[in-house]
Amino acid sequence: MMTFEIAPVGLNAYFVLAGIALFAACAPLFWLNKDGIAVSMQKSMIALVFTAPIILGIAYTMHDNAFELQGKNVLVRADYFYRFERSLNEFDLDRAQIGSYQSIQAAQLHLRRNGLGLPGMQAGHFSTQDGKAIFAAMTDQTQVLYLPAKSGASLLVSVQNPSAVLDALKRAQSAV
């Protein structure tokens, strides 16, 4: 088994989550009712108590990303909740691309089917601009590895040293 390191999640994703928690806590204050500010503050605290565990859980799991090669199978975990496993032979490694996210036109994410999309963190199942399925574990848009599938979902992942990862995948695919 070979494990490749996925780039760490940037601070922007955590700031957005903190903003969501703050908004959820403050939203009841915008709807002052006839009972006054005390009741609105109480509702804000209740909203914070209910949303804080969810937000903290998401923030905690965002670092749980893995990219592994187990024999001839590729396993990717993104944000603890999303998992992608396929045979290495199902990818067209000759058409694989390395570079910044913006430079790889075939891997541009369009619609999120089931996943998490925050600034600095895209994880889960998406579709591309042309409607094809793609699994993303993207934490750093400056260095990504795009593995197009022969059929089914392709893979977009932010790995440390994507050239070395692609070389290792090609060696594993050609091994008997």
Side-chain angles (χ1 to χ4, degrees), residues 4-27 47 50-70 73-160 162-163 165-166 169 173:
F4 306 105
E5 191 171 337
I6 293 181
V9 177
L11 288 177
N12 289 344
Y14 294 105
F15 288 139
V16 169
L17 285 176
I20 291 169
L22 183 64
F23 176 78
C26 293
F50 283 112
T51 59
I54 295 167
I55 298 294
L56 289 173
I58 292 170
Y60 178 74
T61 62
M62 282 194 314
H63 75 279
D64 190 18
N65 303 308
F67 182 32
E68 299 173 352
L69 179 62
Q70 300 173 341
N73 288 325
V74 171
L75 170 66
V76 180
R77 278 192 334 271
D79 189 37
Y80 182 76
F81 300 106
Y82 307 104
R83 184 180 172 96
F84 180 80
E85 186 171 3
R86 293 194 69 180
S87 170
L88 190 55
N89 294 327
E90 295 180 36
F91 294 106
D92 186 357
L93 296 183
D94 293 330
R95 290 187 20 237
Q97 296 181 45
I98 295 171
S100 70
Y101 169 66
Q102 288 77 17
S103 69
I104 304 174
Q105 291 303 312
Q108 297 300 304
L109 303 178
H110 183 59
L111 294 175
R112 182 174 51 235
R113 294 177 177 178
N114 180 9
L116 175 68
L118 294 170
M121 177 68 170
Q122 284 77 31
H125 302 274
F126 294 80
S127 63
T128 61
Q129 298 287 345
D130 57 358
K132 294 181 182 176
I134 188 168
F135 184 86
M138 187 169 51
T139 56
D140 180 4
Q141 292 189 4
T142 61
Q143 58 177 1
V144 297
L145 172 62
Y146 170 64
L147 301 175
K150 294 175 184 172
S151 65
S154 297
L155 178 61
L156 178 67
V157 62
S158 298
V159 288
Q160 305 284 14
S163 301
V165 173
L166 182 57
L169 294 176
Q173 188 179 46

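On a predicted model such as this, the values are computed, not experimentally measured, just so you know.
For the atom pair OG of S103 and CD of Q97, the computed distance is 7.5 Å after rounding to the nearest 0.5 Å. Distance check, rounded to the nearest 0.5 Å: CD of E68 to CD1 of I6 gives 9.5 Å. To the nearest 0.5 Å, atoms NZ (K132) and NE2 (H110) are separated by 14.5 Å. Annotation: the span from L69 atom CG to L169 atom CG amounts to 6.0 Å, rounded to 0.5 Å. Rounding to the nearest 0.5 Å places CD of Q160 at 12.5 Å from CG of L145.
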_Working for side chain to side chain contact (heavy atoms under 4.5 Å, CB included), residues N65 and V76_ = CA-CA 7 Å; N65 303 308; V76 180; over 6 Å; no

_Checking Q70 against L75 for the side chain to side chain contact (heavy atoms under 4.5 Å, CB included) test, could you report, in this order, the C-alpha distance in whole Å, the side-chain angles of both residues, the deciding distance, and whether it holds?_
CA-CA 7 Å; Q70 300 173 341; L75 170 66; 3.7 Å; yes

*Evaluate the side chain to side chain contact (heavy atoms under 4.5 Å, CB included) criterion for residues M138 and V144: first the C-alpha distance (whole Å), next the side-chain angles of each, then the deciding distance (0.1 Å), finally the verdict.*
CA-CA 7 Å; M138 187 169 51; V144 297; 3.8 Å; yes

*side chain to side chain contact (heavy atoms under 4.5 Å, CB included) between L166 and L147: does it pass, once the steps are laid out?*
CA-CA 9 Å; L166 182 57; L147 301 175; 4.1 Å; yes

List, one per line, each side-chain donor-acceptor pair under 3.5 Å for residues 113-124, sequence neighbours excluded.
{"residue": "R113", "atom": "NH2", "partner": "G131", "partner atom": "O", "Å": "3.4"}
{"residue": "Q122", "atom": "NE2", "partner": "L118", "partner atom": "O", "Å": "2.9"}

Can I get a per-line list of side-chain donor-acceptor pairs under 3.5 Å for residues 51-62, giving both atom names and the distance, sequence neighbours left out?
{"residue": "T51", "atom": "OG1", "partner": "A47", "partner atom": "O", "Å": "2.9"}
{"residue": "T61", "atom": "OG1", "partner": "G57", "partner atom": "O", "Å": "3.2"}
{"residue": "T61", "atom": "OG1", "partner": "I58", "partner atom": "O", "Å": "3.1"}
{"residue": "T61", "atom": "OG1", "partner": "D79", "partner atom": "OD1", "Å": "3.0"}

Run the side-chain donor-acceptor check on residues 150-158: report pairs under 3.5 Å with partners two or more places apart or on a different chain.
{"residue": "K150", "atom": "NZ", "partner": "N89", "partner atom": "O", "Å": "3.0"}
{"residue": "S154", "atom": "OG", "partner": "A149", "partner atom": "N", "Å": "3.0"}
{"residue": "S158", "atom": "OG", "partner": "T139", "partner atom": "N", "Å": "3.0"}
{"residue": "S158", "atom": "OG", "partner": "D140", "partner atom": "N", "Å": "3.1"}
{"residue": "S158", "atom": "OG", "partner": "D140", "partner atom": "O", "Å": "3.0"}

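Nearest heavy atom pair, residue P148 against residue A96, reads CD-CA, 3.7 Å.
In this model, no donor atom of one side chain and acceptor atom of the other lie less than 3.5 Å apart for Q102 and Q108.
Listed by first and then second residue, the ring pair (Phe, Tyr, Trp, His ring centres under 6.0 Å) pairs involving residues 137-158 amount to none (not counting sequence neighbours). Residue pairs meeting the salt bridge (Lys or Arg N to Asp or Glu O under 4.0 Å) criterion with at least one partner in residues 53-66, sequence neighbours excluded, are D64-R77.
With a 4.5 Å cut-off on side-chain heavy atoms, L111 and F126 do not count as touching.
Residues passing the ring-ring contact (aromatic ring centres under 6.0 Å, His included) test with Y101, sequence neighbours excluded: none.
In the displayed structure, Y80 atom OH is contacted under 6.0 Å by at most 12 heavy atoms of other residues, nucleotides or ligands.
A perpendicular orientation is assigned to the rings of F135 and H125, their planes being inclined by more than 60° (bins at 30° and 60°).
Without hydrogens or angle criteria, Q173 side chain to L88 main chain gives a donor-acceptor distance under 3.5 Å.
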